[in-house]
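Take a look at the structure below.
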Amino acid sequence: MKHTDIKSILTDPSFIGKKTVICGWVRTSRDSKNVAFIELNDGTSLKHLQIVIDKADFEDISSFMPGGTALKVVGTVVKGMVNNAVEVNAEEISVLGVSPADYPLQKKRTTLEFLRTMPHLRVRTNTFNAVFRVRSIAAEAIHRFFQTRNYVYINTPLLTGSDCEGAGEMFKVTTIGYSDQYKNEEEYYADDFFGRRAGLSVSGQLEGEVAAMGLGKIYTFGPSFRAEKSNTQRHVAEFWHVEPEIAFAELDDIIEVAQSMIKYIISDVLEKCPDEIDFFSRFFEKGLREKLNNILENEFAVLDYTEAVEILKKADADFKFPVEWGCDLQTEHERYITEKVYNKPVFIINYPKQIKSFYMKQNPDGKTVAATDLLVPGIGEIIGGSQREEDLDKLLAAMKERGMNLDEYKDYIDLRKFGSVPHGGFGLGFERVIMYMTGVENIRDVILYPRTVGNIR
Ligand code: 4AD
Ligand code: MG
């Protein structure tokens with residue numbers, strides 16, 4: 001179906017005066033005595049294209065007007081009366097798909113909660129048009145950031161036999177339902193598809209490390225799965241995860257890459273999505289553009305976990321969870337640090353080893369590990385990473401302390417035997433950075449089909 005993108009018509013003046021074919025869905029329409037107007041959107045742009053209908057030229061326009069109707073319009077592009085905006089004087093209109101009166105998006109503004117009940121239709125609203133374009137531009141920026149710095153893009157397996165984070169949040173993968181014919185779990189798993197326990201990967205890091213130990217610098221960009229019961233504004237059971245892994249690198253290097261990457265994504269989105277950022281500044285977060293510009297101009301803060309605890313203990317705030325050295329920082333603590341103390345992104349470093357994963361590099365103090373979380377105002381953690389333990393004996397000790405089954409991690413342990421080097425990486429929650437850049441507060445509104453506890457379709 002030969003036609004021109006609405007984005008091209010709106011941005012390329014050479015279309016003015018030309019006869020063009022446009023397709024799209026009716027967003028709104030207005031009928032007056034001699035003329036009628038339709039705001040048409042084909043998804044290529046946040047802005048709609050106004051179609052002007054001279055009623056004398058058409059027998060009956062009523063089938064063109066309902067919201068949600070899909071139209072093909074042939075007409076001439078002209079400069080409109082208002083703001084020099086381009087519009088199209090319709091000559092022929094055909095209805096590609098009708099939209100009866102029960103089309104749910106008739107009202108101009110609806111709530112995000114209401115739209116969550118119809119993920120298949122909400123993409124036709126301005127909010128989701130803008131969210132998904134920012135998401136797309138950001139994804140491409142991430143690839144370009146790594147590709148232009150000699151990283152190799154790796155696809156790590158989603159079906160896995162080892163739990164990376166060890167937090168017990170893995171979805172099980174099985175082809176046989178539970179049956180009492182098995183005497184114990186071992187017997188049951190032995191009979192299953194893989195002959196052992198398997199699950200959906202919570203992180204591609206362990207395989208990412210394998211790749212980095214030959215390719216030097218790698219990144220993954222794919223889904224991770226967490227069977228977390230936490231029903232919050234920032235958790236989904238299936239999220240998109242960006243995980244670089246870098247050989248010959250220490251914690252400082254990891255922090256440097258994370259900061260440059262975040263700035264690179266933001267700078268690209270500011271440049272390529274000006275209409276979307278204006279939209280989000282108007283309807284979602286006042287001052288969003290300034291916030292993003294500030295990020296580009298300033299260094300992120302770096303704060304030791306131990307100092308963070310001191311700050312939180314002295315804080316004039318009513319925390320639900322008390323703070324002591326050794327405790328995991330809760331969202332309320334993370335937000336206090338990044339919003340109240342710094343009002344900018346903060347890398348917290350050197351966490352107590354007992355609250356972090358087995359693979360993290362043990363610091364000489366014997367108490368902490370070379371880990372970092374990047375916290376941002378409004379959200380809290382968007383990145384978790386660390387230098388990895390490259391010493392075989394220390395790694396084995398940490399695994400045994402946690403009662404881990406070493407057989408499941410044979411490849412990973414082998415990497416420390418043959419040419420082991422200092423290395424590290426991090427995981428960025430893609431949806432979380434989209435929330436940060438758009439001001440959209442609920443993670444369910446930045447992913448096409450959010451999967452959460454009790455909710456899948
Ligand atoms: O902090 P996490 O658990 O770290 C890892 O998985 C490491 N293996 C990463 C690495 O070093 N390669 O997860 C990393 C990030 C979090 O900071 C968060 O942004 C995101 O992944 N994340 C989630 N996003 C949405 N919903 C969830 N349930 C998430 N769990 C983690
Ligand atoms: Mg984390």
Side-chain angles (χ1 to χ4, degrees), residues 138 142 146 151 154 156 160 162-171 200-212 217-246 249 251 253-255 257-258 261-262 265 305 328-331 333-334 338 345-349 351 355-361 369-376 378-389 412 423-437 440 442-447 449-453 455:
I142 286 168
F146 288 115
Y151 285 71
I154 292 289
T156 49
T160 181
S162 59
D163 180 0
C164 172
E165 291 308 301
E169 292 160 353
M170 221 177 14
F171 281 101
L200 292 179
S201 180
V202 298
S203 159
Q205 180 198 322
L206 302 190
E207 295 86 356
E209 285 187 53
V210 167
K217 296 197 278 187
I218 65 94
Y219 71 103
T220 71
F221 191 167
S224 282
F225 306 89
R226 305 264 167 120
E228 262 166 323
K229 282 273 161 78
S230 41
N231 217 338
T232 74
Q233 305 234 95
R234 45 180 221 147
H235 288 93
V236 273
E238 179 183 72
F239 69 98
W240 281 68
H241 208 172
V242 179
E243 295 186 279
E245 193 65 35
I246 312 160
L251 188 63
D253 306 303
I254 305 306
I255 287 177
V257 174
M261 179 197 69
I262 296 287
I265 305 171
Y305 168 88
D328 209 353
L329 300 184
Q330 303 293 325
T331 303
H333 308 135
E334 297 179 338
T338 184
V346 182
F347 287 103
I348 308 273
I349 57 169
Y351 283 84
I355 59 168
K356 289 291 186 185
S357 303
F358 72 96
Y359 53 72
M360 293 185 176
K361 169 87 181 162
V369 285
T372 185
D373 279 2
L374 176 62
L375 316 179
V376 299
I379 299 175
E381 175 188 343
I382 66 169
I383 281 179
S386 77
Q387 190 176 331
R388 319 304 186 192
E389 184 53 79
Y412 192 74
H423 67 286
F426 62 81
L428 165 74
F430 187 50
E431 285 75 23
R432 296 216 182 146
V433 77
I434 302 300
M435 291 164 73
Y436 186 55
M437 290 191 295
V440 172
N442 196 314
I443 195 164
R444 293 165 181 76
D445 301 326
V446 297
I447 188 164
Y449 274 90
R451 273 76 173 85
T452 50
V453 189
N455 171 36

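Atoms within each ligand, like the ligands themselves, are counted from 1 in listed order.
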- Note on the structure: Rounded to the nearest 0.5 angstrom, the CE-CD1 distance for Met437 and Ile265 is 6.0 Å

- Note on the structure: Less than 4.0 Å from some atom of ligand 1, heavy atoms are found in residues Cys164, Glu165, Ser203, Gln205, Arg226, Glu228, Arg234, His235, Val236, Phe239, His241, Glu243, Tyr359, Glu381, Ile382, Ile383, Gly384, Gly385, Arg388, Gly425, Phe426, Gly427, Gly429, Arg432, Ile443

- Under 3.5 Å, is there a donor-acceptor pair linking the side chains of Glu209 and Tyr359? no

- Message: Minimum heavy-atom separation for Ala371 and Met360, please, with both atom names.
- Response: CB-SD, 3.4 Å

- Message: Which heavy atom of Ala138 sits nearest to which heavy atom of Ile434, and what is that distance?
- Response: CB-CD1, 3.9 Å

- Looking only at heavy atoms, which two atoms of Gly208 and Thr156 are closest? And how far apart? N-CG2, 3.9 Å

- Message: As a test of understanding, state which of Leu375, Ile348, Val346 forms a side chain to side chain contact (heavy atoms under 4.5 Å, CB included) with Glu334.
- Response: Leu375

- Task: May I ask you to check if any N/O/S atom from Glu381 comes under 2.8 Å of the Mg ion (ligand 2)?
- Result: yes

